[in-house]
Amino acid sequence: MADSVSPAAARRIALAAQGFGRPRPAAVGTRQLNLLLDRIRLLQLDSVNVLERSHYLPVFARLGGYDKTLLDRLTFARRGPYREYWAHEAALIPLEDWPLFRFRMQDYRDYFHRVDDAWLSAHGDTLAWLRAELAAKGPLPASKIERDASSPRRGSWWEWDEVKRGLERMFRLGEVVSAGRSGFERTYALPEQVMPASVIEREVPRADAVHALMASSAEAHGIGTLSDLADYYRLKVADAKPALERLVDEGVVRRVSVDGWNRPAFLHRDARIPRRIETTALLSPFDPVVWERDRALRMFGFHYRIEIYTPAPKRVYGYYTLPVLVDDRLVGRIDLKNDRKRGVLRVQSAWREPGAPAAIAERIVPALRELAAWQGLAELEVVDRGDLARAVAAEAGVALV
């Protein structure tokens, strides 16, 4: 492979590494889900549910319609092969990767003692009670802990804010772990209640852990800059740089140049360069393809900012806007809402990216109908907002609203 990679080839490499451009399976079962998760290594969790919980959407974008309960059984089982931790943000990761984040747990410990030591000292009883509660009763959802904590027998100082704050600190420190979720509510457990001793007892020095995470990141990216690869697991560049140099020395990655990137790129030795990528996908705002905004701009010319936290009058594109991937380009963005009561997938706005092909609605509408069917929605509704809305409505054969 040449030391210089074209921007188009870089896009195809990145998308192939993320599982795009492959024939979709005739049926999606546990094997297909495991293969995908082994490829991308993590699914970011997010509580917004205006369309669908975010971690379900990258799987749909790559594999098409599937039974979400299969993914739940894999990722939220108490003793399953996946575990939740702060990897990118809160994310599902392979159980085997959990020990690689011990250095992050130590970083949190140092941080809490530096800025939160007074709270920790004042609430030692809260933390001790939480440990004892879990030890006595086994894994518990947060709501059950809340009810027990607010019981009159505990006294007025047992406020839920303190319990929640304690649980979150213990979770970040690895003193409690996730034992799955139900209705998106996390269940907490002591590590020994849900994880094998081989995982709990495994100690990985910081440098070796960062090296392993950067190796996984490089494979999941196919090609990327130092900052791209570091961001996948939210690693500090100061830690990531020597790990990347080690991967270069080992021949796992090699330096290449990509026209227009204005910084060195690193190509994984197993990266494929497909001659073309054929796909149409609606990407979650938290899909790895777009979650590093500088990379999305550099690779796709796509300036993306999610507007969930932007006041409605100041939003440009919409509340929950999904980038639209057609082949190897991001060609538009669509704000979607799952109107569950009416059984309608509502396109609240649709926008075309500059230079997008004229006929992209022909590619987008089948993807919207597939998404609606996966969600059990019978109808498609298109609001007259955005320069792509009319074309989408016309292709779908529905009147604008």
Side-chain angles (χ1 to χ4, degrees), residues 13-14 17-18 37-45 81-115 168-175 177-178 191 195-196 198-256 261 263-271 286-289 291-295 298:
I13 292 167
Q18 278 287 308
L37 292 175
D38 185 61
R39 174 178 293 278
I40 64 176
R41 302 304 292 179
L42 76 174
L43 289 173
Q44 183 175 338
L45 295 163
Y82 299 93
R83 196 62 42 188
E84 180 184 341
Y85 190 64
W86 287 90
H88 180 75
E89 294 293 327
L92 295 162
I93 58 173
L95 175 63
E96 66 201 38
D97 285 355
W98 187 83
L100 299 179
F101 293 94
R102 290 192 185 279
F103 75 91
R104 180 159 295 162
M105 297 170 196
Q106 183 60 51
D107 287 349
Y108 280 131
R109 185 170 287 106
D110 295 341
Y111 173 81
F112 290 145
H113 280 290
R114 187 169 65 252
V115 304
E168 184 56 30
R169 277 150 181 72
M170 294 168 73
F171 178 73
R172 290 177 185 249
L173 298 176
E175 295 176 5
V177 297
S178 171
M195 293 167 55
S198 59
V199 171
I200 297 171
E201 295 168 2
R202 183 181 168 207
E203 297 286 345
V204 185
R206 184 188 192 100
D208 291 342
V210 174
H211 172 262
L213 292 173
M214 284 291 285
S216 289
S217 177
E219 188 170 8
H221 277 80
I223 189 170
T225 66
L226 168 61
S227 60
D228 292 342
L229 304 186
D231 181 73
Y232 208 68
Y233 291 106
R234 292 291 167 90
L235 300 170
K236 297 176 182 177
V237 170
D239 289 329
K241 186 175 181 180
L244 185 57
E245 291 171 352
R246 180 175 162 188
L247 291 172
V248 171
D249 292 341
E250 294 168 345
V252 176
V253 300
R254 65 187 182 89
R255 291 181 180 86
V256 296
W261 282 27
R263 66 193 74 179
F266 297 85
L267 181 68
H268 194 273
R269 64 186 174 195
D270 297 329
F286 308 106
D287 191 292
V289 172
W291 69 25
E292 213 295 303
R293 307 314 192 200
D294 289 342
R295 177 177 170 87
R298 183 183 348 110

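- The aromatic rings of Y232 and W291 sit tilted relative to each other, their planes meeting at an angle between 30° and 60°.
- Using a 4.5 Å heavy-atom threshold, the side chains of L95 and P196 count as touching.
- P94 is listed as a side-chain neighbour of R41, based on a closest heavy-atom distance under 4.5 Å.
- Proximity of R202 to L100: side-chain heavy atoms (C-beta onward) are separated by under 4.5 Å at one or more points.
- Looking at residues two or more places apart in sequence or on another chain, you find a side chain to side chain donor-acceptor pair (under 3.5 Å) between R234 and H88, E89, D231.
- The salt bridge (Lys or Arg N to Asp or Glu O under 4.0 Å) test with D107 is passed by exactly one of R114, R102, R206: R206.
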### Message
Working note: M214 + V253, criterion side chain to side chain contact (heavy atoms under 4.5 Å, CB included); need CA distance, chi angles, decisive distance, verdict.
### Response
CA-CA 10 Å; M214 284 291 285; V253 300; over 6 Å; no
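- With rounding to the nearest 0.5 Å, the separation of CG in L247 from CZ in R269 is 9.0 Å.
- F266 pairs by the ring pair (Phe, Tyr, Trp, His ring centres under 6.0 Å) definition with nothing, not counting sequence neighbours.
- Under the 3.5 Å distance criterion, the side-chain polar atoms of R83 are matched with a main-chain donor or acceptor of S178.
- Separation of atoms CG (L42) and OH (Y82) is listed at 11.5 Å; rounding is to 0.5 Å.
- Between F171 and Y85, the closest heavy-atom pair is O-CE1, 3.4 Å.
- Atom CG in D239 sits 12.5 Å away from atom CG in L244 (nearest 0.5 Å).
- E175 is listed as a side-chain neighbour of R109, based on a closest heavy-atom distance under 4.5 Å.
- Within the 3.5 Å criterion, the main-chain N or O of A220 finds a donor-acceptor partner in the side chain of Q18.
- Side-chain contact check for V252 versus H268: some heavy-atom pair is nearer than 4.5 Å.
- With sequence neighbours excluded, the residues satisfying side chain to side chain donor-acceptor pair (under 3.5 Å) with R172 are Y108, E168.
- Taken from CD1 in I223 to CD1 in I13, the straight-line distance is 4.5 Å, to the nearest 0.5 Å.
- For D270, the side chain to side chain donor-acceptor pair (under 3.5 Å) criterion is met by no residue, not counting sequence neighbours.
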### Task
Under the salt bridge (charged side-chain N to carboxylate O under 4.0 Å, His left out) rule, what do R263 and D228 come out as? Steps first, then yes or no, please.
CA-CA 11 Å; R263 66 193 74 179; D228 292 342; over 6 Å; no
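- We find the CG-CZ distance between L229 and R295 to be 7.5 Å, quoted to the nearest 0.5 Å.
- Here the CD-CG distance, from E203 to D208, works out to 12.0 Å after rounding to the nearest 0.5 Å.
- Considering every non-hydrogen atom in both G222 and A271, the closest pair reads O-CB, 3.8 Å.
- Partners of D294 by side chain to side chain donor-acceptor pair (under 3.5 Å), not counting sequence neighbours: none found.
- With hydrogens and angles ignored, the 3.5 Å screen pairs a side-chain donor or acceptor of R104 with a backbone N or O of A87.
- A heavy-atom distance below 4.5 Å is found between the side chains of L235 and F103.
- Side-chain atoms of W98 and M105, non-hydrogen and from C-beta on, do get closer than 4.5 Å to each other.
- Here H211 pairs with nothing under the ring pair (Phe, Tyr, Trp, His ring centres under 6.0 Å) rule; sequence neighbours left out.
- Between V210 and A243, the shortest heavy-atom contact is CG1-CB, 3.8 Å.
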